[in-house]
Amino acid sequence: MIGTLLGNRYELLDKIGEGGMADVYKARCHLLNRFVAVKVLKEEFIEDKEFVDKFKREATAVASLSDNNIVNIYDVGSQGDINYIVMEYVKGITLKELIQQKGVIEPTQAIDISIQIAKALDCAHKNNIIHRDVKPHNIMVTEDGLVKVTDFGIAKASNSVTLTNTGKVLGSAHYFSPEQAKGNVVDCRTDIYSFGIVMYEMVTGRVPYDAESPVSVALKHIQEKVIPPKQIKDSIPDSLNSLILKCIEKEPINRYQSTKELLVDLNGIKKNFDYEVITKKNNDNDYTIVMSPIKIDKNNKTDKTNEEEEDDEDNDDDDDDEEEEEEYNHNKVKKPLSKGKKAAIIASLFVLIIAVGVSSAYFFPKIFKTGNSKPITVSSDNVTVPNIVGLTESDAKKKLETLGLKYVQAGNSSNTDKPAGTITECNPTSGTSVKKGTEIRAIVSSGQKSAEIPDFTNQDINYAKQLIANDGYQEPEIKYEDSDSVSKNMVIKQSPEPGSNGDKNTKITLWVSNGSSIKYSTVPNVVGKDIDDAKQLLSDNKLNPGSIKYKPVINEKDDGKVLDQTIDAGTQVQQWSPVNLTVGKLRNDLPNP
């Protein structure tokens, strides 16, 4: 493949990576004279037309994503049996290589990397794109610490490929979510699980589940309880430990429900390692029975997880009915209740007691009165969270404190059009009933998102204008100037300079080449013309009359006429080149012929 020219434009220079579905090459774009990365689908997939169509369709969808932490996709194409995607070339190493180099990434750097990954995922999820293959191999880190997530949509295109019928995606088994391993429907929480595994590996230097075969690893994701990261490396903050464990909960409902929610806690931990991560939702309708993880079998003692106990109890429901019927038929011998049934009965009684207590607190004050005194009422410490979105921090704080609630800034958001210093969201959300003293965590706008201005130099002006429009910037100001080194209609320079910070209101100015500053003129024929007329004609053609040499003549008609010119008529020369002339001058002392 090295040396292949794809689309009459992309020359493959060197192979820089290989994945389960594609090979990655460094290439040169001859049209724009820049390096790009080209991902070429492997031969074993090209016969599957449905797979190839999904490959192209998903890549095209991802091309619409615009985020500083996502590798840009420039082009999608086919050439013969070659199907390829052209992407931004990122000079750096993968996060997997960084982990291997360092062994363990310290919490501060790990959080910074994690925030950038989460921003990329949040952008994708907002556009209804699920990555499905989040792993450190698909995350690039530049020398400046900028994180770029790649391979968006590629894993989604391989949705039909499973562990049971092919080995094509086994390389990602260490980062599979339980629902992926089961072949169930996935959503954004699947990416959050895989992202949690990536964070786990960053701070501990190893993946939580490992085995000899990918299938065994996938089964561990489904069945085994994870060792908390803090038990492996004690220096990990409790808040980060809780956040990672929340991400990799086996049940999606127990994880973060969105990357935006995850970003709130990541930003909170970045500011303060003592930040509290709420790991369980407060649902008044959910009653959890806490049971011992050890269950004693009547034959021997066996350690089982809570999940296995619940599965055993669920599976034994029908058996219990049959056993009770057998007991009745065999002299009605009573069988002891299992621990699960005892716990269920206790929990039911506990719920009944609470219900009775609540009913009593509500009805009794209305029934019992003493004399003219008012009914005895039960005071409530609950208040409703007001709407603070759009308010300034000071106004939001006053509004919350008036109701006995605590204001906490949980982070900043730059991906918003709200003015700096105003609240963009809060948790718990407005309308939620909470106790007085509850912390209301708010995200504050830091103004319109600031990003690096792209490099438009050495690009065709029409293409540069298209890129500027796609990125959401205003229409650029165009200025033209001559250039001996830059081809015509190519961008010579820009303002602001590439890499400068700017937002969508930043006015970009482009200087475009008119082509070479060297201009040419055609030399006219001035022989036989009066000297003054010859000079004027040369000047009109942007040429300079050079030196004038006089030649004696004896004919009066040749006096003052151009007899010769040093550059022949019709010759192309650089503008304002000198043309030397020979002019006739009558000599009275010369003899007549």
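For clarity, every value in this text was computed on a predicted model and none was experimentally measured.
Pairs passing the ring pair (Phe, Tyr, Trp, His ring centres under 6.0 Å) check and including a residue from residues 222-252, sequence neighbours excluded, do not occur. Among pairs with a residue in residues 64-102, none fulfils ring pair (Phe, Tyr, Trp, His ring centres under 6.0 Å), at least two apart in sequence or across chains. Listed by first and then second residue, the ring pair (Phe, Tyr, Trp, His ring centres under 6.0 Å) pairs involving residues 209-234 are Y193-H221, Y209-H221 (not counting sequence neighbours).
S242 and S239 form no side-chain donor-acceptor contact under 3.5 Å, judged by distance and modelled atom types alone. Between the side chains of D265 and Y275, at least one donor-acceptor pair of N or O atoms lies under 3.5 Å. A donor atom on one side chain and an acceptor atom on the other are not found under 3.5 Å apart for D144 and T142. Between the side chains of Q180 and T190, not a single donor N or O lies within less than 3.5 Å of an accepting N or O.
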Q: Dump the intermediate steps for side chain to side chain contact (heavy atoms under 4.5 Å, CB included) on I139 and K135, then the final yes or no.
A: CA-CA 7 Å; I139 299 166; K135 57 184 178 181; over 6 Å; no
Q.
Under the criterion side chain to side chain donor-acceptor pair (under 3.5 Å), I'd like the reasoning laid out for Y407 against E439: C-alpha separation, chi angles, the key distance, then a yes or no.
A. CA-CA 6 Å; Y407 172 84; E439 292 184 349; over 6 Å; no
Q: Output, in order, the C-alpha distance, side-chain angles, deciding distance and verdict of side chain to side chain contact (heavy atoms under 4.5 Å, CB included) for I117 and V149.
A: CA-CA 7 Å; I117 298 171; V149 181; 4.3 Å; yes
Q: Decide side chain to side chain contact (heavy atoms under 4.5 Å, CB included) for N458 and V491; before the verdict, give the C-alpha distance in whole Å, the side-chain angles of both, and the deciding distance to 0.1 Å.
A: CA-CA 5 Å; N458 294 316; V491 178; over 6 Å; no
Q.
The test is side chain to side chain contact (heavy atoms under 4.5 Å, CB included); show your working for V52 and L41 and say whether it passes.
A. CA-CA 8 Å; V52 173; L41 192 65; 4.0 Å; yes
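Counting heavy-atom neighbours within 6.0 Å of E212 CD, excluding the residue itself, gives a total of 12 or less. Atom NZ of K435 sits in a sparse spot, with 12 or fewer heavy atoms from other residues, nucleotides or ligands closer than 6.0 Å. More than 12 non-hydrogen atoms from other residues, nucleotides or ligands lie less than 6.0 angstrom from CD of Q109. When the shell of 6.0 Å around CZ of R9 is examined, it contains more than 12 heavy atoms from other residues, nucleotides or ligands. Atom NZ of K148 is surrounded by more than 12 heavy atoms from other residues, nucleotides or ligands within 6.0 Å.
For K126 and D122, the salt-bridge test passes: some basic side-chain N is under 4.0 Å from an acidic carboxylate O. Under a 4.0 Å N-O distance rule, the pair E261/K246 qualifies as a salt bridge. Salt-bridge check for E201 with K102: failed, with every basic side-chain N at 4.0 Å or more from each acidic carboxylate O. Checked for salt-bridge contact, K39 and D151 meet the test: a charged N lies under 4.0 Å from a carboxylate O. With respect to the salt-bridge test (charged N to carboxylate O, under 4.0 angstrom), the residues D67 and K119 do not qualify.
With hydrogens and angles disregarded, a donor-acceptor distance shorter than 3.5 Å links the side chain of N138 to the backbone of D133. Under a 3.5 Å cut-off, the side chain of R255 and the backbone N or O of R189 do form a donor-acceptor pair. Counting only distance, with no hydrogens or angles, the side chain of K220 and the backbone of E224 share no donor-acceptor pair below 3.5 Å.
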Atom pairs and distances, donor-acceptor, side-chain atoms in residues 266-273, under 3.5 Å, two or more places apart:
| unit_1 | atom_1 | unit_2 | atom_2 | d |
| --- | --- | --- | --- | --- |
| N267 | ND2 | L263 | O | 2.9 |
| K271 | NZ | N412 | OD1 | 3.4 |
| N272 | OD1 | D274 | N | 3.0 |

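Residues satisfying the side-chain contact (heavy atoms from CB on, under 4.5 Å) criterion with E11, sequence neighbours excluded, are L5, L13, H30. Evaluation of the side chain to side chain donor-acceptor pair (under 3.5 Å) rule for T150 yields no partner, not counting sequence neighbours.
Contact between I236 and N241 at its shortest, heavy atoms only, is CG2-N, 4.1 Å. Here the closest non-hydrogen pair linking A118 and T259 is O-CB, 4.1 Å. Scanning both residues, I388 and A396, for their nearest heavy atoms gives CB-CB, 4.0 Å. Closest non-hydrogen pair, V203 versus P229, comes out as CG2-CB, 4.4 Å. Scanning both residues, V24 and A37, for their nearest heavy atoms gives CG1-CB, 4.4 Å. Shown here for Y256 and V277, the closest heavy-atom pair between the two residues is OH-CG1, 3.4 Å.
Contact check for T422 versus E393: no side-chain heavy atoms found under the 4.5 Å cut-off. Residues D23 and M1 are not in side-chain contact: their nearest non-hydrogen atoms beyond the backbone lie 4.5 Å or more apart. Side-chain contact between K260 and E425 is present, with heavy atoms from C-beta onward closer than 4.5 Å.
To the nearest 0.5 Å, the span separating OH on Y473 from CD1 on I508 amounts to 6.0 Å.
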